[in-house]
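Taking it in order: structure first as structure tokens, then the write-up.
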Amino acid sequence: MSKTKKAELNAEDALRMFRQMLRIRTFENNANQLYLSAKMPGLTHMYSGEEAVAVGICDALLPTDKITSTHRGHGHCVAKGAEFKAMFCELLGREEGYCRGKGGSMHIADQSNGNLGANAIVGGSLGIATGAALTAKLKKTSDVAVCFFGDGATAQGLMYEVMNMAALWNLPVIYACENNGYSEYTKTEEIAAGSITARAEAFGIEAHQVDGQDVIAVNALAKSLVERARNGEGPFFVELMTYRYHGHHVGDINREYYRAKTEEEDWKKNRDPIIRLRSWLVENGHATEEALDEINAAVTEDAENAVAYALNAPYPAASEVDMHVFTDVEHVLA
Amino acid sequence: MSKTKKAELNAEDALRMFRQMLRIRTFENNANQLYLSAKMPGLTHMYSGEEAVAVGICDALLPTDKITSTHRGHGHCVAKGAEFKAMFCELLGREEGYCRGKGGSMHIADQSNGNLGANAIVGGSLGIATGAALTAKLKKTSDVAVCFFGDGATAQGLMYEVMNMAALWNLPVIYACENNGYSEYTKTEEIAAGSITARAEAFGIEAHQVDGQDVIAVNALAKSLVERARNGEGPFFVELMTYRYHGHHVGDINREYYRAKTEEEDWKKNRDPIIRLRSWLVENGHATEEALDEINAAVTEDAENAVAYALNAPYPAASEVDMHVFTDVEHVLA
Amino acid sequence: MSSPMLSMSWPEGNRMREITFSKAVNEALAEEMRQDETVIILGEDVAEAGTPFKILSGLVEEFGTDRVIDTPISEPGFTGIGVGAAMTGMRPVVDLMFGDFIFLIMDQLCNQAAKAHYMSGGKLNVPMVLRTNMGATRRSAAQHSQSLHAIVAHIPGLKIAMPSSAYEAKGLLKTAIRDDNPVVIFEDKLMYQDSAEVPEEEYAIPFGQACVKREGTDITLIGTSSMVQVCEKAADMLQEKGINAEVIDPRTIVPLDEKTLVESAKKTGRVIVVDEGHQSFGVTSEIASRINEKAFYYLDAPTTRIGAMDVPIPFSPVLEDITVPTPEGVFEQAMKLVSGELIDAA
Amino acid sequence: MSSPMLSMSWPEGNRMREITFSKAVNEALAEEMRQDETVIILGEDVAEAGTPFKILSGLVEEFGTDRVIDTPISEPGFTGIGVGAAMTGMRPVVDLMFGDFIFLIMDQLCNQAAKAHYMSGGKLNVPMVLRTNMGATRRSAAQHSQSLHAIVAHIPGLKIAMPSSAYEAKGLLKTAIRDDNPVVIFEDKLMYQDSAEVPEEEYAIPFGQACVKREGTDITLIGTSSMVQVCEKAADMLQEKGINAEVIDPRTIVPLDEKTLVESAKKTGRVIVVDEGHQSFGVTSEIASRINEKAFYYLDAPTTRIGAMDVPIPFSPVLEDITVPTPEGVFEQAMKLVSGELIDAA
Ligand SMILES: Cc1ncc(C[n+]2csc(CCOP(=O)(O)OP(=O)(O)O)c2C)c(N)n1
Ligand SMILES: Cc1ncc(C[n+]2csc(CCOP(=O)(O)OP(=O)(O)O)c2C)c(N)n1
Ligand SMILES: [Mg+2]
Ligand SMILES: [Mg+2]
């Protein structure tokens, strides 16, 4: 952690980010419990461990800025401003979910906060984010678009196609590669030749690598790049070194054949983004342990209430099934 | 031109390459005439001007080595060992064509010489060539695969996907990017950000840029890379700086809106690969002007005979239309 | 479905003139771009070159390179950019140079554009038009000649328009651009130089309304895109034999004006569906099935289909020409249906 | 078509045992890999992980990482590599983790693999198998639940197999691997844990031969993949009403055993086609059309179709479950057909 950068951060911002990271962790813990207790339909991919990435970046954005997210999308959704109730409702397929229960975990998004969707196609939203940046440029809105994607998505050709266009057209887009060391059950070095940042640089795109467990560093970098992108200096590429605590998805329990428990323990103990920010807040006198515990308690309660609410919320009516296929047809099969 | 490299080339090899370049130029002149006199169905893309690329590389290959080609594929086809008769027959849709008239200009290939096909999808054969290299590695044949493609094809995501795998798996494939400055009616700098060779290098692939109008330089580089690829040092990437003399296709006549006549003249007069090799052959005493004129005359006659033959060759029978859809069904619609 | 701008017949007092299909497309784009500055064009060689078919000539001069945007040869990439731009307030018209390249963009079109509105519970819209083409017999071989509209018609969330002349080309494209949903429009590249009467005044053609091109009583010929002309020629030949054919152009296959088709089938009792996509698992199967389901007890003969042969499209002209439906083929099939000859077969 | 290894019924004296669909696939691969060292597997997490569905467990241990090859998440790339490897002497089995990702590889599959043999005038072969899956109701939402076999069936040059149980899964996959043409095999992921009787001895199931799963006289139910079970359950329900349904599994939709289907239709006079792809422009349309064309004068009622709803697949279980065909739905439709109720509709 760079001392200078941290010093620049004021207590209010740091506390807000602390709370957001906690909210993500808490959301995921509850989601995992819903899965383990067979209350959630299907599977879901936990963001726990990667909170500093979503929060450090999204805290540098305005609600009008756009993001696109991935199959591991709860963290981005929370960080971009979503509420627990509508998120849990979505996870459980209820009508009050952000997508009326039609999207579920892999398509969850609070669209009104500029989240253009989680995406179940790895790399599938690289074009969408770049297109949002094109809109910003053409409409001169000064919006910035951030595309979140994993290390695995760097194997998708689409990334190179859109980086080329973003570079040619100077688009205000930031490609945020969450390198958590794995794509599914495979280590990144087995699926990525050469250097990920060099790939962006080859297109003339300024690229950075940053410790994705250090929210202050992530946020400082994000703030400066967002600012520069707004001023027409984009695109940018950021590789964020991070780690997922759970398996690839909630059902990936026995994973020692591809990842050692000791490795997991090391990241959790020594590099946890929440623990690290917590220490920094306390050490710098920005908050007491008690105050932080209170935040934690409030977030926990908020989550538990939202879960309870969602579990009792109504499912969409069967008649919803053929709605929203087209904008201008109420029921497409009527 | 590097003096040392040239000195290494013996007269026999140089003369063979001279003849092959002439054969390509002559083939294309005849093809263009067939178009202009409305004897050829459809359109075709001329390779004239780029002969040193196909010949310099293919001369370094064995017949068992594989290549994949492009919409601008006549040059690769000739250089890899094809005969005029079956080529003109293909161009004219006759049964004796390499593809029985079913492929035409954009799919022309002498498959028995290791040409896996011209391809009408820009970048469409990048995977095929890489797959051929995988076969070579798994079967330990020591074959090398060369993938020809244009600067325009570097915009296709597929290129990055297969380069990544070729690099991870050390495949004996050489990616040969024919940078002729244009893709259709657009200059390369308008469609390619950053550096093309750097893109390959970012995947850990050794990349070279070479004067594609200098057949000796191209051949020297190709020989060394082919040799190294055979020894398991692949993949490699080569960017060959070249120029097409004609329009994008034979019908692209009025092209001053995207390309100045003076630019065309300059390349034709000052950088023509055939003129350059001819001078070198004469200057180094490897051949007399007369001997070279004789080669030219023989090639011209060969082409004219082949054209005459093809113009009178039979079309495939109508019953061929539903043959070769599947290997094991004679007539799929019977 | 979407609010019709004009009915199927042109308004009273409209001055007409003959223009080419290509010019009609150009006019539709120019008019919509003038009216709505969120309309942009994205694709390869769309600007100065005006596309290889020269359809877009003049647009970059009027609207500039910010709105007529040349892209690299990155079909998935620029389609994805189109989707994102559409979600955030633009109305991109994505230009796909050949319909065959639709295979490259299927994920962006079918997994992203088609589903975004539904997956977001109605929150995200993708008002994007994909303009592309179809049609064989240009001697362009298997990768530049396909008519692939059936495969996208199978995916819920996409509307599919198939103009059959300059008139439809303009009217359907204007509707497509104003539609808030992703629309794919397939233009037959063989028709670009064909002329037809087109009103001077502005008009748009609503989606989901078939056009009865010719009324008849003995048999119904349903044709899409250039197959409308094939059906009309076959109808002329049938007329000479005293057989009165009705010719219908569905104009959009999604939404499909089932009602008009079924009513005609009930009236004539015999139907042939003609489409230039491969016959099997194609558009003809769907239309024939719907007619069989809804008009079964009125039919005197099985609804038959004529599509392109189920073979990759060959280069050689002698082969290529026999792969596509022809007026003669439709005529012969109609004669069989009318004469009851198919009773033996079935 | 391709030379059958065994007929539809198992050879005399074959010992049988129950194994899962998943195990059947695993056995087919292991056996073929043992017999032919050009058979390789390419795909994401196919090696140590044995795919997310754990179908390939044990193969990398037996055959090594040279033959069971983990790829990056590059579907177009590794499919293209598969095409090139197939052209040069390997028999790659390309593993596409979800059928929905077929949209990413359409160019390599449909413009390259499907056409290479034809475009080369018969000189190049592409003996590649694309193994992928289909099937909804796993709560995986719109991008992980599609059944997209119809769109590839539309493209000449591809063979399409749809196993309906462990028995077919093994027998069809073995035939696919030995076929010199590109074959796409769609496995219903909901069936992976279902068991069925499978011979101990080696066998393969020829392409283009439908299997009559149950003989009947009153109505024909044609089902693909897991819809065979849906049809069988509906047949049970119909039996209780005294209606005797014939159930047929086409097993491959390209080539399609039209003869068996048409003969059954002629016998029963009533047909329902059930498939899990979207109904419109799908497999049900093609099969219904062929039956209507070839058996029209024998039919007592229109051939009707039951496909998945024409909507993107919703996540919420309450919605998802109603988008797919069910035994109850087939039963009800059959009752309508048998009672003549559809006469009013048509
Ligand atoms: C196109 C595509 N291919 C494969 C998958 C299956 N899949 C889902 S997540 C995943 C791994 C993604 O790895 P990465 O991008 O690093 O993201 P992470 O899961 O590590 O956050 C894979 C292969 C998919 N959803 N989409
Ligand atoms: C996927 C795809 N997109 C577009 C085209 C149309 N097209 C044919 S050639 C060409 C330009 C190719 O440029 P380049 O790769 O530089 O090759 P060159 O023609 O210069 O040899 C284009 C856009 C195509 N055939 N395939
Ligand atoms: Mg990862
Ligand atoms: Mg070029």
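The chains referred to below are lettered A, B, ... by the order of the sequence lines, with proteins before strands, and numbering in each begins at 1.
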Heavy-atom proximity to chain D below 4.5 Å, by part of B:Leu168: side chain
Spacing of OG belonging to D:Ser74 relative to CE belonging to B:Met165, to within rounding of 0.5 Å: 4.0 Å
Which of B:Ile108, B:Asn164, B:Leu138 touches chain D most, by non-hydrogen pairs under 4.5 Å: B:Leu138
Min side-chain heavy-atom separation D:Lys159-B:Asp328 under 4.5 Å: yes
Top contributor to chain D contacts, counting heavy-atom pairs under 4.5 Å, from B:Thr68, B:Leu158, B:Leu171: B:Leu158
Heavy-atom neighbours of D:Glu37 CD exceed 12 at 6.0 Å: no
Side chains of B:His324 and D:His117 in contact at under 4.5 Å (non-hydrogen atoms): yes
Heavy-atom check, side chain of D:Ile81 versus side chain of B:Trp169, under 4.5 Å: yes
Flag side-chain contact, heavy atom, 4.5 Å: D:Met90 against B:Lys139: yes
Residue selection (most heavy-atom pairs with chain B, distance under 4.5 Å) from D:Ile40, D:Asn125, D:Asp66, D:Val126: D:Asp66
Best-contacting candidate, D:Val83, D:Leu158, D:Ile73, against chain B by heavy atom pairs under 4.5 angstrom: D:Leu158
Intermediate values then yes/no, side-chain contact (heavy atoms from CB on, under 4.5 Å), B:Phe326 and D:Val254: CA-CA 11 Å; B:Phe326 293 114; D:Val254 181; 4.2 Å; yes
B:Val321 side chain near D:Tyr118 side chain, heavy-atom distance below 4.5 Å: yes
Side chain proximity check, B:Glu161 to D:Pro72, heavy atoms < 4.5 angstrom: no
Toward chain B, the part of D:Asp180 with a non-hydrogen atom under 4.5 Å: both
Between CD1 on residue B:Ile121 and CG on residue D:Asp107, distance to nearest 0.5 Å: 5.0 Å
Check: D:Lys123 side chain, B:Tyr98 main-chain N or O, donor-acceptor pair, under 3.5 Å: yes
Donor-acceptor pair, side chain of D:Asn181 and main chain of B:Thr327, under 3.5 angstrom: yes
Pick from B:Glu330, B:Gln111, B:Glu90 with the largest number of heavy-atom pairs that fall under 4.5 Å of chain D: B:Gln111
Interface moiety of B:Met106 toward chain D, non-hydrogen atoms closer than 4.5 Å: neither
Option in D:Thr88, D:Thr71, D:Leu124 with maximal non-hydrogen atom pairs under 4.5 Å from chain B: D:Thr88
Proximity breakdown for D:Leu42 and chain B, heavy-atom pairs closer than 4.5 Å: side chain
Reported CD1-to-CE distance for the pair B:Ile128 and D:Met87, which is rounded to 0.5 angstrom: 4.0 Å
Pick from B:Asp143, B:Thr141, B:Asn119 with the largest number of heavy-atom pairs that fall under 4.5 Å of chain D: B:Asn119
Contact class of B:Ala109 relative to chain D, heavy atoms under 4.5 angstrom: neither
Contacting moiety of D:Thr38, where chain B heavy atoms sit under 4.5 Å: side chain
D:Asn111 versus chain B, the contacting section by heavy-atom distance below 4.5 Å: side chain
